[in-house]
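Down below is the structure, laid out as C-alpha cells.
Residue numbering restarts at 1 for every chain, and letters A, B, ... go by the order of the sequence lines.
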Number of protein chains: 2
Amino acid sequence: MFVAARSLEARAYDALVAAGADDITPTQARLMAQIDQGGTRVVTLAARARTTKQSAAFLVDQLERAGYVERVADPRDGRAKLVRLTARARALGDRADAAVAEALAEWEAHLGATRMRQLEETMSMLREITDPWA
Amino acid sequence: MFVAARSLEARAYDALVAAGADDITPTQARLMAQIDQGGTRVVTLAARARTTKQSAAFLVDQLERAGYVERVADPRDGRAKLVRLTARARALGDRADAAVAEALAEWEAHLGATRMRQLEETMSMLREITDPWA
DNA sequence: GTGAATAGACAGAGCGTCTGACTAATATGG
DNA sequence: CCATATTAGTCAGACGCTCTGTCTATTCAC
C-alpha cells in the first residue's frame, strides 16, 4: 500500500518536472495541491497538510517567489490573506492530474475493471475510519 | 489511499512513543524497520529506503548513540560493518507490529472479511507494477 | 599485481519543520 | 461600547534530514 501510494505520488511529481517545473520540490507541490479555486488561507493549508502555520507560510513564501502562487487580501477578513494559484500553477495541476489518470489507467489494465472498482470503493470505506479530520 | 497508508504508519509510530521510545523520530523508525535479523549494511539500508548512504549513515549514527542499534564488523567483508538491532529495539519492533495488526483488525471489522482479503490481494498485485525495485 | 569497484567516513550546504514570541484584526461578553 | 479572548499572519532561532562532493580502506576482476 505504501509502495503503490508512493508510486502514484511520484508519477504526479515527475509530470511536473517534465513540464518544466524543475524548481519545485515535492513538499511544495503537495501544498499547492491543497489550494482551492478562489484561494485558501495559510492556516487552512497548514491544517490540511497536518503541519504548523509557520511551515506552510515558509513554503508559500517560496512558491510566491517562484511565481506559482500569489497572496491577496481576504475581502471578508482584514487579518487574512488568500493564497491563490497563478495561471501557470493551474496548468501544472492539470498536467499532474493527467499523469495520475494515466497511472490509474495502467492499474486498471493490470487489475481488471471489477477489481479496480472494488479498490476505489474499499479506499473510500477506509477513509471513513482513517481520515483524522473527517 | 494516502490517508489509509499514513494512518497505518501513524499507528505504528504512536505505539513506539507509547512504549517509551519518545527519543525516536519517524524517519529513524522507518529505517530501523529495514534492518533484518543478523544485521544489514548501511548501503543496503540506504537502497531499501531509496536514499543516499550518507543519509542512512547519519540516521544510524543517531540510533547508535540512542542505543537502538550497534555496528559490528562484517566477518565476510573487511570494509563493511553490519548494523544490528539491540534487544531493546527488537522489543519495540514487536510493539509496532502489534499496533499494525490491531489497526488491520479494525479495518477488517469495518470492511468485512471478504473485502479485506480482496484488498490484500489487490495490493499484492499492485506491487508488481509499482515497486521500483522488484 | 594493477586497476576498477565497493563500504564507509567526513565536510559543507540547503531544505523543511518545529517552538516561542510578536503584531494586527476580529469576535465576544458584560 | 469597551475590555478581553481569539484568530491570521510574521519574525527569530533551532533542529532534523537529505544532498553533493571528496576521501580512505578493502575487495574483486583481469
Q) Which part of the nucleic acid, if any, lies within reach of B:S55 when heavy atoms closer than 4.0 Å are counted: base, sugar-phosphate only, or nothing? A) base

Q: List the protein contact pattern of nucleotides 3-13 of chain D with one symbol per nucleotide (5' to 3'): B for base contact, S for sugar-phosphate-only contact, - for none; contact means a heavy-atom distance under 4.0 Å.
A: ---BBSBBB--

**Q.** Ionic contact status for B:R48 with B:D36, cut-off 4.0 Å
**A.** yes

Q: For C:dT17, take OP1 and OP2 only and decide whether either is under 4.0 Å from a side-chain N or O of A:T52.
A: no

(Q) Using whole Å, what does the distance between atom C1' of nucleotide C:dC15 and atom CD1 of A:I24 come to? (A) 14 Å

**Q.** Closest-nucleotide 5' rank along DNA chain C - winner of A:Q62 and A:R76
**A.** A:Q62

Q | Spacing of A:L31 atom CG relative to C:dT17 atom P, expressed in whole Å | A | 9 Å

Q: Quickly work out the B:F58 CZ to C:dA9 C1' distance and round it to whole Å.
A: 14 Å

Q | Spacing between B:D22 atom CG and C:dC18 atom P, to the nearest angstrom | A | 17 Å

Q. When you measure from the side chain of A:R90 to the backbone N and O of A:L85, does any donor-acceptor pair fall under 3.5 Å?
A. yes

Q: Figure out the CZ/C1' separation between B:R65 and D:dC17, and round it to whole Å.
A: 14 Å

Q: For residues 10-23 of chain A, pull every pair meeting side chain to side chain donor-acceptor pair (under 3.5 Å), keeping only residues two or more places apart or in separate chains.
A: A:R11-A:E106, A:D23-A:Y68

(Q) Rounding to 10°, can you tell me the angle the first-five-pair axis of the helix from C:dG1-D:dC30 to C:dG30-D:dC1 makes with its last-five-pair axis? (A) 30°

Q | Residues which pass side chain to side chain donor-acceptor pair (under 3.5 Å) with B:T44, listed by chain and number, not counting sequence neighbours | A | none

Q) Counting just side-chain N and O atoms, does B:T27 come under 4.0 Å of either OP1 or OP2 of D:dC17? A) yes

(Q) With a cut-off of less than 4.0 Å, is there a side-chain N or O of A:T51 near OP1 or OP2 of C:dG16? (A) no

Q) Does CZ belonging to B:R50 count more than 12 external heavy atoms closer than 6.0 Å? A) yes

Q | For atom CG of B:L59 and atom C1' of C:dA9, their distance in whole Å | A | 15 Å

**Q.** Interatomic distance where CG belongs to B:D23 and C1' belongs to D:dC15 [whole Å]
**A.** 15 Å

(Q) Could you walk me through whether A:D74 and A:K81 satisfy the salt bridge (Lys or Arg N to Asp or Glu O under 4.0 Å) test, starting with their C-alpha distance in whole Å, then the side-chain angles of each, then the deciding distance to 0.1 Å, before giving a yes or no? (A) CA-CA 5 Å; A:D74 186 337; A:K81 293 174 186 170; over 6 Å; no

Q | Value rounded to 0.5 Å, distance of OG1 in B:T27 from CZ in B:F58 | A | 10.5 Å

Output side-chain donor-acceptor pairs under 3.5 Å for residues 91-102 of chain A, partner residues at least two apart or in another chain, one line each.
none

Q.
The criterion is salt bridge (charged side-chain N to carboxylate O under 4.0 Å, His left out); which residues satisfy it with B:E121, sequence neighbours excluded?
A. A:R115, B:R117

Q: Mind calculating the distance between CZ (B:R50) and P (D:dT18) to the nearest angstrom?
A: 14 Å

